[in-house]
Structure formats: C-alpha cells, structure tokens
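Numbers for residues simply follow the sequence, beginning at 1.
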Amino acid sequence: MAPPVVLGTTTSTLPLFFFSLSSKTLKKPSNLKTSFLPHTNLHNASLSSAQLFPKHPFGVLRCATTVAEKETEGEKFDYQAEVSRLMDLIVHSLYSHKEVFLRELVSNASDALDKLRFLSVTEPALLGDGGDLEIRIKTDTDNGIITITDTGIGMTREELIDCLGTIAQSGTSKFMKALKENKEIGADNSLIGQFGVGFYSAFLVAQKVVVSTKSPRSDKQYVWEAEADSGSFVIKEETDPEKQLNRGTQITLYLREDDKYEFSDPARIQNLVKNYSQFVSFPIYTWQEKSRTVEVEEEEEPKEGETAEGEKKKKKTTKTEKYWDWELANETKPIWMLNPKEVEKEAYQQFYKKTFNEFLEPLTYTHFSTEGEVEFRSVLYIPGMGPLNNEDVTNPKTKNIRLYVKRVFISDDFDGELFPRYLSFVKGIVDSNDLPLNVSREILQESRIVRIMRKRLVRKTFDMIQDLAESENKEDYKKFWENFGKFMKLGCIEDSGNHKRITPLLRFHTSKSEEELTSLDEYIENMGENQNAIYYLATDSLKSAKTAPFLEKLLQKDIEVLYLIEPIDEVAIQNLQTYKEKKFVDISKEDLELGDDDEVEERENKQEYNLLCDWIKQQLGDKIAKVQISKRLSTSPCVLVSGKFGWSANMERLMKAQALGDSTSLEFMKGRRILEINTDHPIIKDLNAACKNAPESNDAKRAVDLLYETALISSGFTPDSPADLGAKIYEMMSIALGGKWGRSEGDDEASTAEVEADVSSSSEAQVIEPSEVRTENDPWQD
C-alpha cells in the first residue's frame with residue numbers, strides 16, 4: 001500500500017484575480033547622442049548606425065550595449081496566488097445561491113458519463129461490468145451526508161492530482177481540446193464543463209469533501225480528501241473492500257452545521273434535481289422514502305361474554321408501511337432536442353403543463369432551432385390565460401423563460417436580456433451550447449451574441465402570434481387579445497423598431513363594429529376613396545365613445561372611427577403616428593379636416609357668426625383660447641376641443657388620476673381649449689340674436705356660462721366646480737318649471753327663498769323669481 005500523499009494546490013496554473021502594474025515616467029531626451037548611450041566614454045567611440053541602433057523585434061530602437069539590454073528586457077516572473085484566499089473567493093464570491101452546488105456536481109457526473117460513452121465507441125472494454133450509465137444521489141439526514149455516485153469514466157491517481165489539485169483547470173475542456181485536435185474523431189458538443197471551478201462549489205455547503213474514484217484503465221481505486229478551510233488535500237489508495245467501485249466516481253459531502261438540515265432532506269434534493277438537471281441525458285435516481293399498502297393477518301379479539309376456545313380466528317387487514325427506494329428524478333425528456341416534425345401536439349401541451357406547472361393548455365406554440373453565428377434551440381408558448389395581477393404586465397422579471405446550456409438549467413431570472421418587457425408573458429425554453437456566461441453560470445453577460453439571440457427570439461414570437469391571428473379559428477386570437485392585448489399596446493410605446501410587426505396585431509372597437517374587434521388592416525380596407533387618415537376617439541368607456549358629440553359629422557359621412565377605451569390606447573396610437581402611409585387623427589382636437597367643405601357656405605357662416613364668437617370669448621375670458629365654427633357637429637350646440645399639441649380630455653383625466661402626478665406639468669400640458677359652435681342649432685341662433693340685440697343681458701350671459709359648463713362634461717373634461725354647475729342647472733330648472741303645474745303660495749315662497757339662497761351662494765347672476773313664466777316669444781328677437 002502506497003502511503004497517503006499530502007499535496008499543496010498547484011500555484012503555477014492559478015489564474016490571477018488581483019494584480020497591478022507600475023510604470024516609469026519617461027523623460028524627454030536632451031539630445032540624440034546621449035539619449036541612447038550610458039554616461040560613459042562610449043559616446044565618443046566611432047560606431048556604425050547598425051551597431052548603435054540595432055532593430056528591435058517589436059520595431060523599437062534599443063541600445064546595443066549589454067547593460068542597456070538587461071535594463072530594457074527585465075526579469076520574467078510567474079504570477080502567484082494565495083491558495084486559501086483563492087478558495088475563499090470561489091466558495092463565497094462566485095455563486096449567489098448555495099443550492100447550485102448540486103447542479104455543478106451533477107453536471108460533472110454527466111460529463112464523466114459522456115466521456116465514457118464517447119471513448120467506449122473505440123474502446124468497448126472500458127464499459128466492462130460497471131453497470132448502466134447513471135447517476136445516484138443518496139442523503140443521510142441524521143448525519144448530514146450527501147453521496148453522489150456516477151458510473152462514468154472515473155480518474156486515475158495522476159488525473160486526481162491534475163484535475164482536482166489544480167484550481168481552474170477543467171478536465172472537460174482538456175478532453176474537448178484533444179477531441180478537436182483529432183479531426184477524425186470529432187468533438188462531442190454535449191459536454192458541459194468549461195471553467196474548472198464547478199467542483200469546488202461543493203464547499204458552499206460541505207465542511208469536508210471525499211472523492212472516491214475508479215478508472216477502468218487502472219486496477220486501483222483512489223480517494224481524494226480535503227477540508228473547506230485547508231490549502232492542501234490528501235490522496236490515498238482505497239483498501240476497504242466494502243467501498244470498492246466497479247467503475248466511476250463517488251463524491252461524499254459532509255455538510256456544515258448550518259446547511260445540514262436543508263440539503264440532507266431527500267425531498268429538497270429531488271426538487272433541486274428537477275429544477276436544475278431535469279433534462280440531463282442520463283437517468284438520475286434519488287433515495288426517497290415511499291409508502292405502500294400491504295395485506296396482513298391479525299388475530300380477532302373475542303367479543304364480550306365469549307370465551308376463547310381452540311385456535312383464535314384471524315382476519316385480513318391492510319396497513320400502510322414506509323420504505324426507502326430509488327426514484328427516477330428526471331423523467332421529462334428535452335422536447336426541444338427532437339425534430340419538430342416527429343413531435344405531436346399533445347406532447348408539446350403535456351411538456352408545457354409539466355414544465356411550467358400550468359393546468360390550462362397553451363394557446364399556441366413554436367418549436368425552432370437557429371444556426372449560423374448563433375446556434376440555439378427553443379420552444380416558446382403563449383399561455384392560455386393572462387396574468388391575474390396587473391403588476392405582472394409591467395414586470396419583466398416573470399421567470400417565464402428558462403435558460404439551459406447543454407440541457408442544464410442556468411437561470412430564469414432575467415431583466416430584459418432575452419425578451420423585452422412587453423413580451424414577458426411568453427413562456428418557453430432556450431437551450432444553447434455557447435452562451436456567454438460568467439463563471440458561476442448564473443449571469444448572462446451582455447454581448448453581441450445575446451443581442452442577436454434576443455432579436456431572433458422576438459421575431460419568432462411575432463411570427464407565432466401572427467400565425468394565430470391568421471388562423472381559421474378566430475376565437476383563439478380573440479382570447480389572446482383579451483389576455484395579452486395590453487402587452488401588445490405596451491410594445492407600441494417601448495419598441496419602435498418592431499412597429500411593423502406589432503401594428504397588424506392590434507384590435508379595436510369602432511363606430512361600425514361596436515361588438516366585434518377590428519384590425520387596422522380591416523379598417524383601411526373599409527375606408528372611403530377620399531379618406532386620407534385613420535380617425536380615433538379616446539374615452540373612458542365604449543358607451544361614452546358612442547355618444548360623444550365629436551362623432552356626429554363623421555357618422556353622417558359614414559366615416560369609421562376607432563374607439564380607444566383603455567388607458568394605454570391613446571399613448572400607443574400616438575407612438576405609432578402612421579400605418580400604411582395613413583396618419584392617425586384624434587377627432588377631439590382642433591383643425592379636423594373631413595375633406596368636403598363648402599367654402600362659400602363656410603365663408604358666409606363666418607361672416608354671420610363672427611360677432612357671436614368674439615362675444616362668447618369675451619364672456620368666458622381665459623377659460624378658452626378661442627371660439628370657432630365647428631365642422632364636426634350636427635345635433636349638439638357646441639363642443640370643447642383640445643389644442644393640436646396639448647393633452648386631450650381623456651389624457652388630461654388620466655394624468656390627473658396619477659398618484660405621483662405633477663400639478664405644474666399638468667397645468668402646462670393640458671394646453672388650450674377651443675369652443676366650437678354648431679351654427680345650425682337653435683340655441684346658437686338664439687345666442688347670436690342676443691349678441692346683436694341684447695349683449696348686456698344677464699340671461700344671455702348665464703346661458704353662455706351654462707353652455708360652456710355643459711360642453712365641458714359632454715366633451716370629457718371635468719368641471720372645476722361641480723357644485724356651481726349643479727346650482728346653475730337647478731336655477732334653470734326652476735325657471736323652466738316654475739308655476740307650470742300650479743302650487744300653493746306657501747310652497748312658492750319656500751321655493752323662492754331656496755333658489756335665492758342657492759344663487760347667492762354660488763354665483764353673482766341675477767335672480768329671477770320662479771313665479772315668472774317665459775312668454776312664448778323670444779325676448780331677444782326684434
């Protein structure tokens with residue numbers, strides 16, 4: 001028996017984690033003669049230029065003297081590292097979560113099995129009688145021990161020293177390099193390891209690690225032992241017959257006190273395997289407690305008053321007993337590795353339900369692989385139901401995309417690296433062999449490869465949604481829009497580069513389709529020949545949109561109008577600006593052009609009502625910017641429209657409702673309001689007569705004031721003082737109803753007193769007695 005060997009960890013191959021370089025400041029030479037020569041008598045010697053200035057390999061002139069060569073070349077040193085400090089960095093700084101130790105060790109075991117499978121093609125004797133290629137994980141809860149056993153290639157004594165004794169040297173990477181150099185054999189791209197530090201993640205949870213390994217190329221089995229806080233390790237030959245392995249490696253972790261109860265729990269280990277190593281290509285068994293029902297015979301107890309004679313009667317009963325056995329932890333196969341033509345729809349649905357713990361079937365899915373500069377495989381799904389919480393709409397961290405590298409789970413915690421926020425509802429698997437990960441495999445590093453990968457994933461997602469929209473089953477896309485329509489509208493705001501893909505997917509209610517949703521393509525198909533714009537109206541509900549005064553003229557002309565009834569709609573449309581060379585036009589803003597105006601009639605109306613417009617503006621003052629004749633009204637007397645560059649009534653309402661809204665910006669952005677009047681309406685004609693015949697009439701002024709307040713509400717704005725508006729309406733009602741049906745004098749006096757009190761408290765307008773009844777003749781007419 002060879003004595004155990006205690007070895008210090010090799011330092012010559014350690015990576016340099018921290019170092020600094022110092023430089024000397026070069027001074028400008030005073031003259032050429034003394035710049036390159038030491039201060040000796042050499043500068044007086046007659047030397048040729050070739051002798052004086054020999055050519056440096058790097059194109060830099062150097063002195064030809066021996067002394068100068070020594071000074072410029074310097075002395076070469078190897079980087080050194082403090083082993084204990086380096087191990088501390090690996091254990092405590094590389095990984096964010098302790099649980100990843102199991103992922104790393106299972107990946108190492110998988111690599112060992114892959115190597116054996118590959119080498120056995122040319123050397124079948126390596127398999128021998130070592131059993132099936134598999135991984136088994138057993139826990140000892142009482143003692144806090146985890147044992148991970150694989151039947152892979154194992155290691156010799158020299159390989160133990162080389163692989164486990166040299167930090168940051170990957171045996172897998174060396175194996176891959178050897179394969180690539182041998183072009184006849186080729187390279188197996190399913191191997192996982194690359195950094196050479198994954199094994200040391202065992203010290204995240206273990207105080208002591210023991211590795212027992214047997215290579216089929218060696219007759220002896222060796223044991224590697226190391227403590228967490230030690231800078232050395234021990235290698236010895238295994239002599240205990242009970243611990244002998246046919247082939248492979250067994251890693252035993254003696255857990256720390258803090259981690260003993262969490263990671264020695266069999267259920268916890270099985271969950272970690274299912275999460276991180278579910279799709280490893282070799283079977284992984286875990287030691288689990290199970291229960292079963294067995295049938296047993298029990299003696300029947302004699303009844304009261306009976307004596308036991310002869311043999312006691314026996315009866316059969318069942319009871320539950322517990323036992324321990326191996327259980328396969330990775331039953332689900334990586335469906336994305338298969339040919340899409342060979343996979344049935346039911347298989348995709350079952351994979352989706354099992355992987356993402358869903359009970360509803362997905363609306364649709366896509367399975368694809370990309371080649372070229374970036375190679376990866378992916379299966380993406382659109383869920384059957386949207387998020388229940390509105391916060392999930394704007395939260396990019398939904399854990400819906402699971403990233404794998406060579407079938408080993410890496411992370412599902414992304415902040416927009418693979419998918420933009422508005423596509424965060426998409427669920428799926430992404431598996432790549434060469435993603436730029438950091439050493440801990442937890443962080444996807446920003447790089448050109450990631451950007452290209454994101455672009456392709458987004459494009460494939462849009463293709464999947466477009467196929468759903470064009471499918472014969474319209475109910476599927478209707479369901480998609482009900483659940484994820486807000487996400488698409490968010491994309492209009494956040495992703496201008498994909499407007500061409502997002503816009504055809506949008507759906508809205510319209511004035512011609514109030515029940516069914518209409519696409520923008522359908523809207524354009526239904527447009528008239530002379531219509532050059534896409535008209536829309538933003539309100540808070542479908543009912544208020546249908547009754548808005550802005551629609552009157554457009555409905556008469558059979559022009560379709562989009563109803564934007566969700567808070568996000570107006571912002572989304574404003575970010576689109578155009579679609580198929582058609583501008584989006586808000587019909588609630590000024591300068592609405594419908595294209596068929598009669599210039600002669602317009603000019604005559606302007607001359608007739610120009611004085612009225614000025615008079616109304618004088619009465620309302622700064623409440624409005626101007627008064628003009630409307631081109632959009634047919635039945636309403638007036639409407640209040642927003643300025644071209646200000647907020648609409650709907651946007652103003654939304655901004656006022658913001659919890660952290662800025663009152664200063666609100667006052668600035670609400671812009672100017674323009675009162676448009678309908679010259680065909682009787683009220684406007686009456687006011688026109690009042691303007692000409694009785695411009696100082698208090699009744700006329702009160703009518704203008706009430707007209708403005710009413711237009712505020714009908715146009716979607718909020719009155720500054722609802723109580724004042726209510727008092728004015730009550731006053732007008734009293735005038736209209738006073739004495740119409742008759743009443744007693746006491747009621748008349750009480751009503752008069754109440755009206756006087758209301759008017760005096762709300763405005764300075766003249767009080768008219770309720771008993772006065774209007775004559776049928778208009779007092780403002782000649």
Side-chain angles (χ1 to χ4, degrees), residues 549-550 552-554 556 587-646 649 670-717 719-720 724-725 728-729 731-732 735-736 763-768 774-782:
F550 307 101
E552 295 171 359
K553 209 74 169 183
L554 287 92
Q556 280 188 355
I587 64 172
S588 69
K589 292 194 173 183
E590 65 173 325
D591 296 339
L592 179 65
E593 297 292 340
L594 300 180
D596 57 349
D597 300 328
D598 188 340
E599 294 182 3
V600 176
E601 183 181 353
E602 184 179 344
R603 187 165 53 251
E604 291 176 355
N605 271 346
K606 192 171 183 180
Q607 292 175 355
E608 174 68 20
Y609 290 92
N610 189 43
L611 182 62
L612 175 63
C613 292
D614 294 340
W615 181 69
I616 293 176
K617 173 66 175 76
Q618 184 181 2
Q619 302 304 318
L620 297 178
D622 294 335
K623 294 180 180 178
I624 58 173
K626 64 179 178 178
V627 182
Q628 63 187 24
I629 298 173
S630 179
K631 299 178 183 179
R632 71 192 86 205
L633 298 177
S634 61
T635 58
S636 300
C638 64
V639 69
L640 207 60
V641 299
S642 304
K644 185 180 294 186
F645 303 105
K670 73 178 183 180
R672 55 183 196 155
R673 297 171 182 175
I674 300 163
L675 183 66
E676 291 189 356
I677 59 175
N678 178 13
T679 56
D680 294 328
H681 198 279
I683 294 178
I684 301 302
K685 291 182 178 180
D686 289 343
L687 287 177
N688 190 38
C691 168
K692 294 177 180 179
N693 301 319
E696 300 301 326
S697 170
N698 291 326
D699 290 344
K701 292 179 180 179
R702 280 204 309 276
V704 169
D705 198 32
L706 185 60
L707 194 69
Y708 168 76
E709 297 282 356
T710 308
L712 270 177
I713 297 176
S714 63
S715 302
F717 294 97
D720 296 331
D724 287 349
L725 175 60
K728 294 171 186 176
I729 294 174
E731 177 191 355
M732 299 300 289
I735 294 172
S763 68
E764 297 179 358
Q766 181 182 353
V767 178
I768 300 177
R774 293 265 179 208
T775 61
E776 294 182 0
N777 297 328
D778 194 323
W780 299 325
Q781 295 291 343
D782 292 336

Completion exercise
Hits for side chain to side chain contact (heavy atoms under 4.5 Å, CB included) against E604, two or more places apart or cross-chain, chain-then-number order -> V600
Hey, are the side chains of [X] and [Y] touching, using non-hydrogen atoms and a 4.5 Å cut-off?
X: K589; Y: V641; answer: no
X: L633; Y: F550; answer: no
X: K631; Y: L592; answer: no
X: K685; Y: P682; answer: no
X: R603; Y: Q607; answer: yes
X: L611; Y: C691; answer: yes
X: F717; Y: R673; answer: yes

Handout entry: Sequence-distant partners of E608, salt bridge (Lys or Arg N to Asp or Glu O under 4.0 Å), two or more places apart
Key = K692
Fill in the blank from the handout: Contacts of D614 meeting salt bridge (Lys or Arg N to Asp or Glu O under 4.0 Å) (sequence neighbours excluded), chain-then-number -> none
Handout entry: Whether N678 side chain and S636 backbone form a donor-acceptor pair below 3.5 Å
Key = yes
To the nearest 0.5 Å, what is the distance between [atom1] ([X]) and [atom2] ([Y])?
X: I616; Y: N688; atom1: CD1; atom2: CG; answer: 8.5 Å
X: S588; Y: R632; atom1: OG; atom2: CZ; answer: 7.5 Å
X: N605; Y: N610; atom1: CG; atom2: CG; answer: 11.5 Å

Exercise for the section: Tell me, with the steps shown, if C613 and I677 meet side-chain contact (heavy atoms from CB on, under 4.5 Å). Expected result: CA-CA 8 Å; C613 292; I677 59 175; 3.9 Å; yes
Handout entry: Flag for S642-E590: side-chain donor and acceptor within less than 3.5 Å
Key = no
Exercise for the section: Identify whether the distance between the nearest side-chain nitrogen and carboxylate oxygen of D699 and R702 falls below 4.0 Å. Expected result: yes
Exercise for the section: Measure across A703 and L687 and return the closest heavy-atom pair with its distance rounded to 0.1 Å. Expected result: CB-CD2, 4.1 Å
Problem - Contacts of type side-chain hydrogen bond (donor to acceptor under 3.5 Å, both in side chains), residue E696, not counting sequence neighbours - result: K701
Please list, one pair per line, the donor and acceptor atoms closer than 3.5 Å that link side chains of residues 707-716 to other protein atoms, with sequence neighbours excluded.
unit_1, atom_1, unit_2, atom_2, d
T710, OG1, L706, O, 2.7
S714, OG, T710, O, 3.3
S714, OG, A711, O, 3.3
S715, OG, L640, N, 2.9
S715, OG, L640, O, 3.4
S715, OG, A711, O, 2.8

Problem - side-chain contact (heavy atoms from CB on, under 4.5 Å) assessment of W615 paired with V704 - result: CA-CA 10 Å; W615 181 69; V704 169; 3.6 Å; yes
Please list every donor-acceptor pair under 3.5 Å in which a side-chain atom of residues 618-629 meets a protein atom from a residue at least two apart or in another chain.
unit_1, atom_1, unit_2, atom_2, d
K626, NZ, Q628, OE1, 3.4
Q628, NE2, E676, OE2, 3.0

